[in-house]
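This one's a predicted model, so the numbers in the text were calculated from it and none came from an experiment.
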Amino acid sequence: MKGILIKDVYCLKRKLFYWGITVFMAGAVCLMFVISSKHGNLAKFFAEWENTEDPESAADAVFMIPFLCKWVLSIFLLLPLAAAFDLVQSVFTDDENASFYKVAASLPVSRFERVGARATLIAAALSSGIVIDMILLAFCVPATDLLTYREAMEVVMAFAGVALLCQSVALWFGYRFGAQTAMYGNLLTLAGLAVLTVLGNLKLLKRTFTAPDELKSGYLYDLFDKAVSFLENKGHFVLLIAVPVFAVCYFAACSAAVRKRGVA
Amino acid sequence: MTAETVLELKEVTKNYGDFRLDKVSFSVPKGTVCGFIGQNGAGKTTTIRLILDSVQRDGGTITMFGQEVIPGKSDSLREDVGVVFDEMGFHEFLTPKQIDKIMKHVYKNWNSELFFIYLTRFGLPSGKKCGDYSRGMRMKLQIAVALSHDAKLLIMDEPTSGLDPIVRNEMIQIFREFVLEEDHTILLSSHITTDLEKIADEVVFIEGGRIVLSGNKDEILMKHGLLKCKKEDADKISDSFAVYREIDDFHAEILVNDRESCSKLYPNAVIEPATLEEIMIHYVNRMKTSGREGV
């Protein structure tokens, strides 16, 4: 397995520069954003909006502006993690383009080891993405009141969980149905998560969409608030669910690789 | 299986629906070069994949180095096998130096020193990316990898196809050197029969997923012959000798499977030696017209 992992590292090495740039840019933008929101133009803009004579705009400013800023910041913070998973996907694509499966099948490496190398790569991408996000947050959080460390980490873990779920299903799909179908694994996972979210909130959704117009915006806000509250407080549950799913998909991929040979 | 057999297939079957490898049986004696001949799509690559256990077989047994290849459980047997494919499976951005570092952790017997000796001998720059190599260089790189881990068996799938005659000749020379050591064996799949005539000791001929002819190359060449006669005399040749009759408006060319007996029986007939290519073409034509299995 070590040899296969070294090959993966060589594949990654070519793209590490771009990943480094992504991490650096995301970090720089986050820092600029938090500094500006506290001391720069963004801070001035917030102050102007909060001091407006229109009471409705002032109320919006108090609730919505920090909220929006927090989420803009969160999205920037998630970029290194997203780029890490993209790197993993690029290794699999490189293998496919080179027809490496032919060489892999001729090596004295078991299918468990070959699938294991891929799973290790996914786990490494996940871990490195989370660690980099933790470092970025360590710089950003003290410089802003927009978000707390815990809230941000919950969001990071929720995103890492979704990414891990996608990669897990894609890993199994790749071995079960062929390397080209891995992308459908990703799409299917996202669709499945969307369906689960809808089913889990069916009552609330029904109430919102059947409510009279005057109540609708309030209910919509409740729905939105519930989603945000889940991400900020219980995001780690997504990752906790994703880890056993990853394990199950690894064994399913191993089983598929043994039955359907010829996959890298 | 005799003690001197490195590879043996017994009634190996694989069904793809539109193609079936039908009870393939042959063996490769130790220290020989076995030419695996067949036209494109005959089942050569499928057979090699089955030997390497990279596809699941539906039936039959495969024995390598005296041990049965158990599906999914015989990965360690590949320690002693070097494989060369028709296309290089390494990433184009990898350099031979990097491939050395990878293989060092794959093969227990990987010999870096030997690998770099082969690279120098084959004129392959070790710091250059594989993608910048010519087709011939890519094939040589695969051979260098296959020869650098003390492999006892080389399995090659169309290694010389698409190469110019000079490079092909160089490669044949390399294979010859490999089999100089008595425990080294080669299974060489190719549809370029002239290469096999130069180097093969044994020949296995596959067509339509079935083995139609196998045995010692020299014996096969000695036994088969091309009987040339007038069109009206073609039917006089016994069916037991005639593998296939190719008849035009005036003449007939018949591949016979026992040249010596045939010349005794038909002393006036002109029987010329047949090449492996001619033998292959006549057997294929026979299968196409009659669907019969070969000898």
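Under a cut-off of 6.0 angstrom, the local environment of NZ in B/Lys23 is sparse, with at most 12 non-hydrogen atoms contributed by other residues, nucleotides or ligands. No more than 12 heavy atoms of other residues, nucleotides or ligands lie within 6.0 Å of NZ in B/Lys97, so this atom counts as exposed by the packing criterion. Counting heavy-atom neighbours within 6.0 Å of B/Tyr16 OH, excluding the residue itself, gives a total above 12. Atom OH of A/Tyr184 has 12 or fewer heavy atoms from other residues, nucleotides or ligands within 6.0 Å. A 6.0 Å sphere centred on CZ of A/Phe76 holds no more than 12 heavy atoms belonging to other residues, nucleotides or ligands. More than 12 heavy atoms of other residues, nucleotides or ligands shown are found within 6.0 angstrom of OH on A/Tyr149.
Contact annotation for residues 102-135 of chain B against chain A (heavy-atom separation below 4.5 Å, listed by residue number): B/Ile102, B/Met103, B/His105, B/Val106, B/Tyr107.
Taking all atoms of both residues into account, the shortest heavy-atom contact from B/Asp75 to A/Ser110 is OD2-CB, 3.1 Å. Here the shortest heavy-atom pairing between B/Leu94 and A/Tyr10 reads CD2-CB, 3.7 Å.
Distance NZ/A/Lys13 to CZ/B/Phe93: 11.0 Å, rounded to 0.5 Å. With values rounded to the nearest 0.5 angstrom, B/His91 atom NE2 is found 9.5 Å from A/Ser99 atom OG.
In terms of heavy-atom pairs under 4.5 angstrom with chain B, the leader among A/Arg14, A/Lys2, A/Lys7 is A/Arg14.
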Step by step, work out the side chain to side chain contact (heavy atoms under 4.5 Å, CB included) result for B/His149 and A/Leu107.
-> CA-CA 11 Å; B/His149 59 91; A/Leu107 302 175; over 6 Å; no
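Under the 4.5 Å side-chain criterion, counting only non-hydrogen atoms from C-beta, B/Arg78 is not in contact with A/Val109. Taking the side chain as every heavy atom from C-beta outward, B/Thr45 and A/Lys102 never approach each other to under 4.5 Å.
B/Phe90 touches chain A through backbone and side chain together, each having a heavy atom under 4.5 Å away.
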